[in-house]
Amino acid sequence: MTNPLPAWSALQTHYEQIRDEKLRDWFAPANDPAPTRAERFTFAGAGLGADFSKNRITDATLKLLVQLAREAGVEARRDAMFKGEVVNPTEGRAALHTALRATEADAPFHAQIAAERAKMAKFADAVRSGAWTGYTGKRIRHVVNIGIGGSDLGPKMVVHALKHLELPEITSHFVSNVDGADLWRTIENIDPEETLAIIVSKTFTTLETMTNALSMRDWFVKHGCPQGELAKHFVGVSANPAEVVKFGIAKENVFEMWDWVGGRYSLWSAVGLSIMIAIGPQQFDELLAGAHDMDKHFREAPLEKNLPVLLGMIGIWYRNFFGSQSYLVAPYSEALHFLPSYLQQLEMESNGKSARLDGKFVDYATSAITWGEPGTNGQHAFFQMLHQGTTIVPIDFIAVLTPEHPLADHQPKLLANCFAQSEAMMLGRTEEEAKKIAGPDKPELVPHIMFPGNRPTTTLLVDALTARSLGALIALYEHKVLVQASVWDINPFDQWGVELGKILGKVVEADLNAASADVKPHDSSTAALIARARAALKR
Ligand code: F6P
């Protein structure tokens, strides 16, 4: 796989030189004098720390990776994004999620953003204080966010992460799946008189969201809410306010986002209304401030010490030179439970592309498969494969040093697991060591208890999970995605790849509902599946 940039071919040569080198050897005390690898490859920014030293990199690797970032124009792409240039050319749009957290009065759309934020804060305060009531005068105790993809994953991830800051009187729920079980399981045991639905959809045309929103409206009405009072139980967030009003939501209860906010980058906008209701406007500001800290770091830190640049370029190193297919994010924090699924959309919907900006197809790999699960659960499930399987999966471990809960004695166990896993991945267990453990009676055990080691990991360190540190962490990954997109020369802000399935889905849905004679022809597999489902649905 090739890329015409000089640093790319230099990295290929460099890869051949160091591919068989062992992290274990590099870390051997004799080979790791001061400044040690840990000292040379640990960096900080926006309150976060990143230890890259257990990666298969040397000083020369980092130098070349930074050179590649420069040659690929990462800085120009970054600056264009911050300035509000059209960095999403296939949709003719800017991507200004950074403006949503900018404090500078000359930042793009500053006044518009501030006005919408003030409207959100007023509403959130009213709901939180109990001043905003349902149609029978009861305070709101349940907030149901109905949205999918970017209109769900970000808010859900943040609300879960910051549960310790949540107002106890209100429970947040997130419904995304068009499978009726999702909505039904959420609403079957809650009181409609105490429930507020937030319908979040940038387009306000998304099938799943619209279906759930309509069922939710029926539920309110069936439980006695007069049509004229529905406004007390429904608000909408969209870049298409006319559609929201058509749906029946009062104009004053429509919160606007804009076409220059990408769905998967939108939690900072009114899409984050459920977050603001859960943690309050002040903490929401903290979340934005953390992201802004990372924005500043991304713009100002030299590339050699720039966290999003280093994280992104090390990802490129594995994807394009080692040929890694996937990478794992393992937060050692239950609060960050939904971070991996949020990152799946952020990374793969952004960079899972084959067409370059100039319309030609890439002949090198783009987005790795992103996946993950909180440690320590993953250790007791799939870590076996990470340690001894045939595929090398680079890992981002995320460690939160200070717990947000009172069970302090759990924390050393949690952190010990995190640090021990990265140590084990790096060290492995040699044949000699395995022989000693197996002993003379069990030589057949040796291959089974050997670990290849040399498995690369990054450890991100968060002092404590606050709204501010979480904002910085999310922005770190957002910018990492831009860094990689720049090197791959692709547009990370569109998502044409989701369209074909949506179009065919409409045809299949019509076929499931149609009279037999009207069912359209399909390939034999799809036709058989439709026939089977029609029988089950008894059409
Ligand atoms: O189908 C993919 C997608 O368009 C995502 O990009 C987006 O986050 C999600 O659907 C939801 O879209 P909307 O907010 O318009 O309902």
Side-chain angles (χ1 to χ4, degrees), residues 87-97 100 116 120 144-159 174-179 182-183 197-217 234-247 249 254-275 338-353 367 370 474 477-478 481-482 485 490-509:
V87 290
N88 175 0
T90 62
E91 295 181 312
R93 291 172 186 167
L96 271 172
H97 42 287
L100 294 165
E116 204 59 24
M120 283 169 71
V144 181
N145 187 94
I146 295 182
I148 196 164
S151 298
D152 167 70
L153 292 166
K156 179 163 114 179
M157 181 264 291
V158 172
V159 168
F174 293 87
V175 172
S176 54
N177 200 326
V178 75
D179 179 346
D182 197 5
L183 180 61
I198 309 180
I199 314 301
V200 187
S201 175
K202 182 174 174 185
T203 54
F204 228 74
T205 56
T206 304
L207 169 104
E208 292 85 346
T209 303
M210 291 304 108
T211 306
N212 281 321
L214 288 169
S215 298
M216 187 89 195
R217 195 169 66 184
F234 266 101
V235 298
V237 178
S238 184
N240 188 0
E243 273 306 307
V244 190
V245 172
K246 248 198 245 164
F247 174 85
I249 292 177
V254 181
F255 296 86
E256 234 187 303
M257 61 186 292
W258 304 278
D259 70 349
W260 40 263
V261 183
R264 54 193 172 275
Y265 299 87
S266 65
L267 69 89
W268 323 100
S269 71
V271 169
L273 186 59
S274 56
I275 304 174
F338 294 111
L339 183 68
S341 50
Y342 165 80
L343 290 178
Q344 280 178 15
Q345 185 194 17
L346 181 65
E347 302 246 359
M348 296 199 278
E349 198 173 76
S350 297
N351 282 344
K353 315 271 163 77
S367 177
T370 307
I474 300 167
Y477 278 100
E478 283 181 346
V481 164
L482 179 75
I490 56 179
N491 176 1
F493 300 116
D494 63 10
Q495 55 283 317
W496 297 102
V498 299
E499 296 304 325
L500 180 59
K502 285 186 191 173
I503 294 166
L504 297 185
K506 284 198 180 133
V507 178
V508 174
E509 190 193 347

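Note that ligands are numbered from 1 as they come in the structure, with each ligand's atoms numbered from 1 the same way. Nothing fancy with the numbering, it's 1 onward along the sequence.
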Out of the candidates D494, D259, N491, only one should pair with N88 under the side-chain hydrogen bond (donor to acceptor under 3.5 Å, both in side chains) rule; please name it.
N491

Please verify the inter-ring angle class for F204 with F247; under 30° counts as parallel, over 60° as perpendicular, anything in between as tilted.
perpendicular

How close do S269 and M120 get, heavy atom to heavy atom, and via which atoms?
O-CE, 3.7 Å

Would you call W496 and K353 a side-chain contact if the rule is heavy atoms closer than 4.5 Å?
no

T203 neighbourhood, listing ligand 1 atoms whose heavy-atom distance to it stays under 4.0 Å
13 (P), 15 (O), 16 (O)

Which atoms from ligand 1 have a heavy atom of I148 less than 4.0 Å away?
9 (C), 11 (C)

Donor-acceptor under 3.5 Å (N145 side chain, K156 main chain)
no

Applying a strict 4.0 Å limit to heavy atoms, is E499 in contact with ligand 1?
no

Nitrogen or oxygen of K502 less than 3.5 angstrom from that of ligand 1:
yes

Under a 4.0 angstrom heavy-atom cut-off, which atoms of ligand 1 come close to S201?
13 (P), 14 (O), 15 (O), 16 (O)

T203 backbone acceptor or donor facing N240 side chain under 3.5 Å
yes

Run down the list M257, E349, Q495 and name the one with the heavy atom closest to atom 5 (C) of ligand 1.
E349

What atoms of ligand 1 come closer than 4.0 angstrom to any heavy atom of T206?
12 (O), 13 (P), 15 (O), 16 (O)

Tell me: protein heavy atom nearest atom 8 (O) of ligand 1, and distance?
G150 N, 2.8 Å

